[in-house]
J.: 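This is the structure I have questions about; it appears just below.
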Amino acid sequence: MAMTDTDTATPQMEISDEVAIEIRNMNKWYGTFHVLRDIDLTVHRGERIVICGPSGSGKSTLIRCINALEEHQRGSIVVDGTPLSSDLKNIDKIRSEVGMCFQHFNLFPHLTILENCTLAPIWVRKIPKREAEKTAMYFLEKVKIPDQANKYPGQLSGGQQQRVAIARSLCMRPRIMLFDEPTSALDPEMIKEVLDTMIQLAEEGMTMLCVTHEMGFARQVANRVIFMDDGQIVEQNEPEAFFKSPRNERTRLFLSQILGH
Amino acid sequence: MSDTHAESVAFVRESVIPPAPPPAKEAGAIRWMRENLFATWFNAILTLVALYLIWVLLSGVVPWIVNGTWQGSSLAECREILQGNGGGCFAVLRERWPQLLFGFQYPDYLRWRPVLAFFLLFVAVPPALFVMFLPRWTLIVTAIYPFLAYWLIWGGTILTPLFAALGVVAGYLAFSFTERRGFVLGLAAGVVTALAVWWIGGLLAGEFSRFLRLEAVVSRAMGGFMLNLVLGIVCVSLSLPIGILLALGRQSSLPVVKGFCVVFIEFVRGVPLITLLFVANVVLAFFLPPDANFDLILRVIIMITLFASAYIAEVIRGGLAALPKGQYEAADSLGLDYAQAMRLIILPQALKISIPGIVNVAVGLFKDTTLVSVISMFDLVGMIRGPILASTAWAGIYWELWAAACLMFFVVCYGISQYSQWLERQLQTDHR
Amino acid sequence: MTTLSDPPHADGFRLSLLVRDKRYRSYTFQAIALIALFVFFGWLASNAIRNPVLQQAGIDFGFLADPAGYDINQQPIPYTSQSSHLRASFIGAINTLIVAFLACVTATVFGVFAGVLRLSNNWIVGKLMALYVEMFRNIPVLIWILIIFTISANVLPQPSAFRGDDPEASPILGVAALTNRGFYLPRPYFTNGIGAVPDDVPADGGAPVAQEVASIANWLIVLAVFAASFLAVRGVNAWATKRQNATGRRPSTFWTNLGLWFVPIILTLLILGLRWEVPELRGFNFQGGILARNSLIALWFALSIYTGAFIAENVRAGILAISRGQTEAAAALGLRPGRVMSLVVLPQALRIIIPPLISQYLNITKNTSLAIAVGYMDLTGTLGGITLNQTGRALECVLLLMAFYLVFSLVISAVMNAYNASVALKER
Amino acid sequence: MKKSVLLGTVAAAGFAAAGASAATLDDVQDRGSLNCGVNTGVPGFAAPDANGEWQGFDVAICRAVAAAVLGDPNAVNFISTTGKTRFTALASGEVDLLARNTTWTFSRDTDLKFDFVAINYYDGQGFIVPTALGVSSAEELDGATICIQTGTTTELNLADYFRVNNMSYEPVPIENEAEARTQFLAGACDVYTTDRSALASVRVTYPSPDDYKLLPEVISKEPLGPLVRHGDSEWGDIVRWTYFALVAAEQYGVTQDNVAEMATEAGDNPEVNRLLGTEGELGAMIGLESSWAENAIAAVGNYGEIFSRNIGEESAVGLERGLNALYTEGGLQYAPPFR
């Protein structure tokens, strides 16, 4: 499953000291089920973090909390200096800073690709339509599907759709990107095109939080890999160290299962 | 399989076998009949029974139509012309046609107005249904239509519908200018502006009531099939927005809003329409201001609209539920607020899914407009049951009248449902 | 950079938070909604309070205890014009349920029949059923009710046509007379049962109350025998299944079942002394027997064929929804077509068919209120019709009327939801 | 809390608006037209003619009141009401006056809170049967099937009559005149019962009127008259005295033709003078112009003229005056003195 190594050299890791996301002591429950337990995480600007772990470990919930798609019940999340509270103004601010890509792309099937990309800039950022379209075309070119701009999502392949979803997020000019298992709904031959796009994005210095099982991707671009289990961060380390010598038993077990065949 | 040596064990076909005609038994009418009519002995019996039924039906209906007469001005005269040849007495339709269509009170020299309004309907509706095929500006026609139709059917000065339309336009403009500062604010501004324009317009229309004036017709004078159509169209169009609001309310996380919507919807769906018409007829008047002139038609429109909106709300709720949760999340993550997400993302898709259901409700509602005859309004059924069957000339005639009523409803309802199925297929094929 | 986002109170409460903060926002909107509701209902109430007549007459349900003063022509429970309005309403409610029940049964029969036949591979039958469905679905039920009512009043012979030495009309088989006032059918009664009714029934057809009750007891006996037969047949089938499981062969139960169904009931009826009271023409009308008035017939038949068309569509959709794959899979396992239907397709199709079927039953019940168009004395005809007219207590009558239908609908919906829940559980 | 305060405000606003409910007379004058509730169509009493103009005995009362109050007999909106809707229409203010052969009964007057202002037609309930039935008296109707309009006093009278006479019958409830006709003519009922005036008026519209006959029995008192809402006595007075003006006019020989002439100057009869406003200020006492009665009479004629034009023996309906003759001619129609 691991991605084949590409020729591109490992990108430079320019991590500033500036903090992009600061999570302190965050807890979340679904009813009585304790999904996230005492999460502490600091993400610096320019950092690329891959989160992995068995299903149900809370990794998706974690990044959905950052985007306020889920509400956390205890602890604090500060994104780019803005505390995530129940104040809608703050939520709006954070959401416009943070882009998100979903497992099932979640493109709007009744809008064309171009409309998908310009909708939020026009209505949320209040950017004139013409300018929004220009930006959209720029990003569609970056994800290499400018010629599909006037098609509908249903007419595109899964990989193309996910790339559009990335472009759609980028059109909002986010400073942070969250990826929620972006490749797990894709056929194998389409995974590469999406990962290439993500690598390209990483090379440009985007701060990224990525829930994925693509360990090749993690090795290549991540500067930190986080392993979660049972709602807790069990282990985090630089990719080399993480894969070579996992310290925790659970991590080892997980890695042997995912890489071992 | 790139090896193509003819003598190798592997086989590669190099010529195509031409298609041959099937054995005679397997083709043509005989095969069709054997497969479709006489496959088993049970099937054969069924076929014979069905053929007999069709024969009975046709032998009754065909002479009735063929021998029927369109002459005569009363049943007695008609019977004389027919001389017992089993034909129908369609003269009643010829003579009472205007009454069946317009009731007996709509002034006959003004009938061209509702007729014109009816035909304009065919111009006004397509843009709304073919948003994806026609240029967007054609929607203006649809938007103008209700006001024009009101003016044509009810008459009065053109200022009334004009200002009603102006109010809507002004409200919309105010809304779109202030919307950037928040949806709620925009909505409030829109409503206030619209109300202001309507108030001023009301004063002006009262003052210049002779300006471009069509002769006014009171709604009491509406009748016949026109009443069914007016009630059906008005109530369905009014109930759509209310139904959408109710459906959104029922999905809402606010207990008060949700509770009200659930209670309203379940209440309305739990009682028969006729009891609601009784309310319109004998109860509602107590709860409306006595000086405002809410006549029976208006009260009936209110109640039927409420009735229809509960059903439409349920249909739309189904559409909303059918949308994947990801659509809501994507809208959220892009930073769209609730109003924007609903308007731009959720409702367009939910409504598209709901179209067949909405059409079903609309057809059902249109059929149910005949119930107003029970509260002594003279719609098509009311006209037949009342004035026509009670008249000295035509008492005792029923097959022809009821057949005509059936035909009129069938054409409209069947037409709508076929059309909606066609539309559904169109909507399915595009985009995918 | 360790600001705790938790307490929004930290920098004080500002009014703008009412709209901006998620936690207060919902309260704000709900308060607005509540106020709007209060204003609206307050406006309605104030209009009603202002009404001079309503002000003086008030809202008072006391009229329900007053004598109704009018007669009802279909009385499932004893009633005279001196009984109260409440009793008249009860009669109406029972009459509603009677016609609703009858229509549900026949509509189901029509619907299943037409739905299955429409799927038949017989072209002409399929088309005929399609015609039936489309024709009845697209024409208002009120028109069907009125057509059947008008035609039965005008086409069928008057009772007087049966009179004389050479009558124009004669009863079918000498026992059932179809007149333009209704269908006079033979009435079964018992000569040996509890509280036997004498052979010669009083001329006015009205048996004393005690005997009416007694004959109900007889019918209960008959029902009990039926139930026993049913249980016995189930027992035999269970035994057969057990044998099949044990030995692999299913013993033939056809004749046993047939016997279990018919022998006990025939014996019971013989012992109780079943007789038929045949309607006879005396005075203005036929006397004796059961009279199904043409208002009942029109309502019953029209609702059945109309709703039958909808049920046919539900049945067809249910069967079609059980994909071809299921049938093919079952056939591939070597099941005979009959068994495929009964073991694979029907159990699954029923699950799909039953919920819409129940909502069709609800529709039938609500549509029985159209009885008022033909003068059938259901609840809408008594409480919502004559009582309302006679007492002028419109508000009270309409409220009670709605309450009845609402309670009925809610009960049925609750049952349906319970059913859906149980089916959903089984699917896991 | 916040909510209760708001609720109070809302309720207060409602009551403030409720404070002054305008009198009916003011309403009518502001509107410039009278809303009059009539039948859905009983020939002779209230029915639209071929041109859609309402004509009839009850209609004349509406026109007379409109003429008296507004000076224009055509300033009337006729609102047809059924047995079911008539009382709500009046109670809710949809109509100002109900002139729809409604029987004056105790409970309608007291419990339903209406005021019957006068009796414009003394009627009684009767039966119509096909001659072929061979029935000559209502007492032979035991076991008959009877068509009856629901929601009227006739329904109650019928139940009482058969109960008292120890007979049984089979009621066939019907909604309106049209349906009664269909059912009765088709033979779905043996007998049709309603007010005798209505029976007479519908009989002439049957295909062969001679095949049907009215039975001699009159089984009830049906004093029919116009009614208004309880509690607005001024408006009730106007309707009542407009009606009495029509009766008095017949008594004193004031007709549609000679009323204009008689009103120009005072004549010999002081009561006529007061009636027509040439003497005294009767009109002002009920808040109308002095020519109110003159207008009413000029619009529709006196009581006798209205009767004979719409339902009298010369008309198609062909009813005798009978009880509805003036008291001077042995009838019950009697106008209190105008002074």
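Note on naming: letters A, B, ... go to the chains in the order of the sequence lines (proteins, then strands), and numbering restarts at 1 for each one.
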J.: Tell me, side chain or backbone of C:I124 under 4.5 Å from chain B's heavy atoms, or both, or neither?
T.: both

J.: So which residue, B:K367, B:M408, B:R269, B:R385, ends up with the most heavy-atom pairs under 4.5 Å with chain C?
T.: B:K367

J.: Checking heavy atoms, do the side chain of B:S373, its backbone, both or neither come under 4.5 Å from chain C?
T.: side chain

J.: Evaluate the criterion side chain to side chain contact (heavy atoms under 4.5 Å, CB included) for residue pair B:T275 and C:F404; output intermediate values, then yes/no.
T.: CA-CA 11 Å; B:T275 58; C:F404 170 81; over 6 Å; no

J.: Can you confirm whether C:T387 sits close enough to C:Q390 that some side-chain heavy atom of one is under 4.5 Å from a side-chain heavy atom of the other?
T.: no

J.: Heavy-atom pairs under 4.5 Å with chain C: which of B:N43, B:L380, B:V282 has the most?
T.: B:N43

J.: Contact part of C:L37 toward chain B, heavy-atom cut-off under 4.5 Å: side chain, backbone, both or neither?
T.: side chain

J.: For C:N95 and C:D378, does a side-chain donor sit closer than 3.5 Å to a side-chain acceptor?
T.: no

J.: Quick check on the 6.0 Å ring-centre criterion: do B:F409 and B:F225 meet it?
T.: yes

J.: Does some side-chain heavy atom of C:P356 sit less than 4.5 Å from a side-chain heavy atom of C:F310?
T.: no

J.: Given C:L388, which partner from the list C:L401, C:L400, C:V398 fulfils the side-chain contact (heavy atoms from CB on, under 4.5 Å) test?
T.: C:V398

J.: Does a side-chain heavy-atom distance below 4.5 Å link B:V359 with B:I416?
T.: yes

J.: Is it the backbone or the side chain of B:Y414 that comes under 4.5 Å from a heavy atom of chain C, or both, or neither?
T.: both

J.: What part of C:L362 is in contact with chain B, defined as an atom under 4.5 angstrom from a non-hydrogen atom: side chain, backbone, both or neither?
T.: neither

J.: With a 4.5 Å cut-off on heavy-atom pairs, point out which of B:A405, B:C406, B:A50, B:P272 contacts chain C the most.
T.: B:P272

J.: Which bit of B:F366 is near chain C, if near means a heavy-atom gap under 4.5 Å: side chain, backbone, both or neither?
T.: neither

J.: Chain C heavy atoms under 4.5 Å from B:L53: which part of the residue, side chain, backbone, both or neither?
T.: side chain

J.: Return the CD1 to CG distance between B:I265 and B:L306, rounded to the nearest 0.5 Å.
T.: 12.0 Å

J.: Could you have a look at B:W399, B:F286, B:F267, B:F278 and say which one has the most heavy-atom pairs with chain C under 4.5 angstrom?
T.: B:F286

J.: Is the closest basic N to carboxylate O distance between B:R250 and B:E266 below 4.0 Å?
T.: yes

J.: Name the member of C:L146, C:I372, C:N367 that forms the most heavy-atom pairs with chain B at distances under 4.5 Å.
T.: C:L146

J.: Heavy-atom distance under 4.5 Å between the side chains of C:W43 and B:L288, does that happen here?
T.: yes

J.: Contact between C:L379 and C:S89 at the side-chain level, heavy atoms closer than 4.5 Å - yes or no?
T.: yes

J.: In terms of heavy-atom pairs under 4.5 Å, which option from B:V381, B:L254, B:V411 contacts chain C the most?
T.: B:L254

J.: For B:I384, is it the side chain, the backbone, both or neither that has a heavy atom under 4.5 Å from a heavy atom of chain C?
T.: neither

J.: Going by heavy atoms in the side chains, are B:Y338 and B:M342 under 4.5 Å from each other?
T.: yes

J.: Could you report the tightest heavy-atom contact between B:F307 and B:V271, atom names first, then the distance?
T.: CE1-O, 4.2 Å

J.: Kindly indicate, with the supporting measurements, whether the criterion side chain to side chain contact (heavy atoms under 4.5 Å, CB included) is fulfilled by C:T307 and C:Y361.
T.: CA-CA 8 Å; C:T307 317; C:Y361 289 167; over 6 Å; no

J.: Among the options B:D368, B:V279, B:L46, B:V412, pick out the one with the most heavy-atom pairs lying under 4.5 Å from chain C.
T.: B:L46

J.: Measuring heavy-atom distances to chain B, does C:F41 have an atom under 4.5 Å in its side chain, in its backbone, in both, or in neither?
T.: side chain

J.: Non-hydrogen atoms of chain C under 4.5 Å away: do they reach the side chain of B:T369, the backbone, both or neither?
T.: neither

J.: If the contact rule is any heavy atom under 4.5 Å from chain B, which residues of residues 407-417 of chain C qualify, in numerical order?
T.: C:S409

J.: With chain B, which of C:I139, C:N122, C:L44 has the greatest number of heavy-atom pairs at distances under 4.5 Å?
T.: C:N122

J.: Would you say the side-chain atoms of C:Y405 and C:T380 include a donor-acceptor pair closer than 3.5 Å?
T.: yes

